[in-house]
**Student:** 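One structure follows; several queries about it will come next.
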Number of protein chains: 2
Amino acid sequence: MRRTLAPRPLPPAEDQAARFARQREADRTATAEDYVELIADLLRADGEARAVDIARRMGVSQATVTATIGRLQRDGLVETKPYRGLFLTDAGRDMAAAAKARHELVVQFLIAVGLDAETAEQDAEGIEHHASEAALQAFERFLAARKAAG
Amino acid sequence: MRRTLAPRPLPPAEDQAARFARQREADRTATAEDYVELIADLLRADGEARAVDIARRMGVSQATVTATIGRLQRDGLVETKPYRGLFLTDAGRDMAAAAKARHELVVQFLIAVGLDAETAEQDAEGIEHHASEAALQAFERFLAARKAAG
DNA sequence: TCCGAAAGTTAGCCTAGGCTAAGAAGTGTG
DNA sequence: CACACTTCTTAGCCTAGGCTAACTTTCGGA
Ligand SMILES: [Mn+2]
Ligand SMILES: [Mn+2]
Ligand SMILES: [Mn+2]
Ligand SMILES: [Mn+2]
């Protein structure tokens, strides 16, 4: 009986490179996802999404929000009416809806596997951006099975 | 019986800001973790870790590796002997061991909840950096219970 | 109505992490 | 042992996403 596991061989270099590349891609879209999700939440809850509120909730300066919103606008996700708040384009609404659904699913899944609610919220904020469609489907299956067994 | 769930209220602004701040912090350390983990893997598998191999496996240019290694060196994680490869400091070895353990755990966990192995490897590469200690413990408990149940 | 507070923008700065192109420095083989 | 090839570094560029300080614009209450 062996004590130590045989170390797994390194994956092929190209495969590993592809994984890192996809991860870098996910990192690049994460900020946009979090912003549009928050804008959608504020629009629903408050009827408006102001830059100052986004700054407070993101924990970031107003100047940073201005710059980030500029990129979101450039990318066709957001429209602005100064002093009248921010609005989502169709593309922005789509992204927000997807981000929100993903966020909720990841939170529920983490709670279902035994994580406390507050930590689940914390970790979901990062994990959500790195869970593939296949992973989200696995999480959904898990929740459905858990509920059926309930 | 209600059809639609009541939308959850927004969390307190300070809580939400703290979550985003922690996520940004995790993003900043992710590159270092991936590099030292890879260096440790190469040292074990090949007996040396050369910049050119890291570039190939990270999917990045050699110039980028030079710059990143410079930061790791500045931060006391890595030592270099030009043309003789890279070496980890004690701190680097510690970080690599932790990163490796976390990586393996996340992969095994994702497979256990029904994800295919290749996607598990892909998603783990990102998720590993956002799973808190509490989450990792929950994943371990889940795997242990799964094993006990057979 | 006006004037101070709040909200937003602008300017100027920074670091991380990417890139290409060009040059320097080892390595190993004929 | 020389020279071609590989490896590594340097220089110069870029974008995202942070910051502070100073300015402008709008809003609302006295
Ligand atoms: Mn998030
Ligand atoms: Mn989110
Ligand atoms: Mn990783
Ligand atoms: Mn990893």
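To find a chain, count down the sequence lines: A is the first, B the second, and so on, and within it residues start at 1.
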**Student:** Would A:Val106 end up clustered with B:Leu105 when hydrophobic side chains under 4.5 Å apart are linked, directly or stepwise?
**Tutor:** yes
**Student:** Counting the benzene-type ring for Trp, do B:Phe142 and A:Phe142 have ring centres under 6.0 Å apart?
**Tutor:** yes
**Student:** Applying a 4.0 Å non-hydrogen cut-off, can you work out what A:Thr68 is touching in the nucleic acid: base, sugar-phosphate, or nothing?
**Tutor:** nothing
**Student:** In terms of the nearest nucleotide of DNA chain C, which residue is placed more toward the 5' end: A:Arg24 or A:Tyr83?
**Tutor:** A:Tyr83
**Student:** Identify, between A:Arg84 and A:Tyr35, the residue whose nearest nucleotide on DNA chain D lies closer to the 5' end.
**Tutor:** A:Tyr35
**Student:** Under 4.0 Å between any heavy atoms, over every strand shown, what does B:Ala63 touch: base, sugar-phosphate, or nothing? Just pick one.
**Tutor:** base
**Student:** Looking only at side-chain N and O atoms, does B:Asp34 offer a donor or acceptor that is under 3.5 Å from a partner on B:Thr31?
**Tutor:** no
**Student:** What does A:Arg74 touch in the nucleic acid at a heavy-atom separation under 4.0 angstrom: a base, only the sugar-phosphate, or nothing?
**Tutor:** sugar-phosphate
**Student:** Which part of the nucleic acid does A:Val60 contact within heavy-atom distance under 4.0 Å: base, sugar-phosphate only, or nothing?
**Tutor:** sugar-phosphate
**Student:** With heavy atoms under 4.0 Å as the rule, sort B:Ala51 into base, sugar-phosphate or nothing.
**Tutor:** sugar-phosphate
**Student:** Just to be sure I understand the rule, does A:Arg71 reach a base, reach only the sugar-phosphate, or reach nothing, if contact means heavy atoms closer than 4.0 Å?
**Tutor:** base
**Student:** Atom CD1 of B:Ile54 to atom C1' of D:dT9: distance rounded to whole Å?
**Tutor:** 15 Å
**Student:** Going 5' to 3' along DNA chain C, between which two nucleotides do contacts with chain A fall, using a heavy-atom cut-off of 4.0 Å?
**Tutor:** C:dA7 to C:dG18
**Student:** Out of B:Glu37, B:Glu128, B:Glu33, which one pairs with B:Arg102 under the salt bridge (charged side-chain N to carboxylate O under 4.0 Å, His left out) rule?
**Tutor:** B:Glu33
**Student:** Can a side-chain donor-acceptor contact be found between A:Gln16 and B:Arg57 if the only test is distance below 3.5 angstrom?
**Tutor:** yes
**Student:** Report, as yes or no, whether the 6.0 Å neighbourhood of atom CZ on B:Arg24 holds more than 12 heavy atoms from other residues, nucleotides or ligands.
**Tutor:** yes
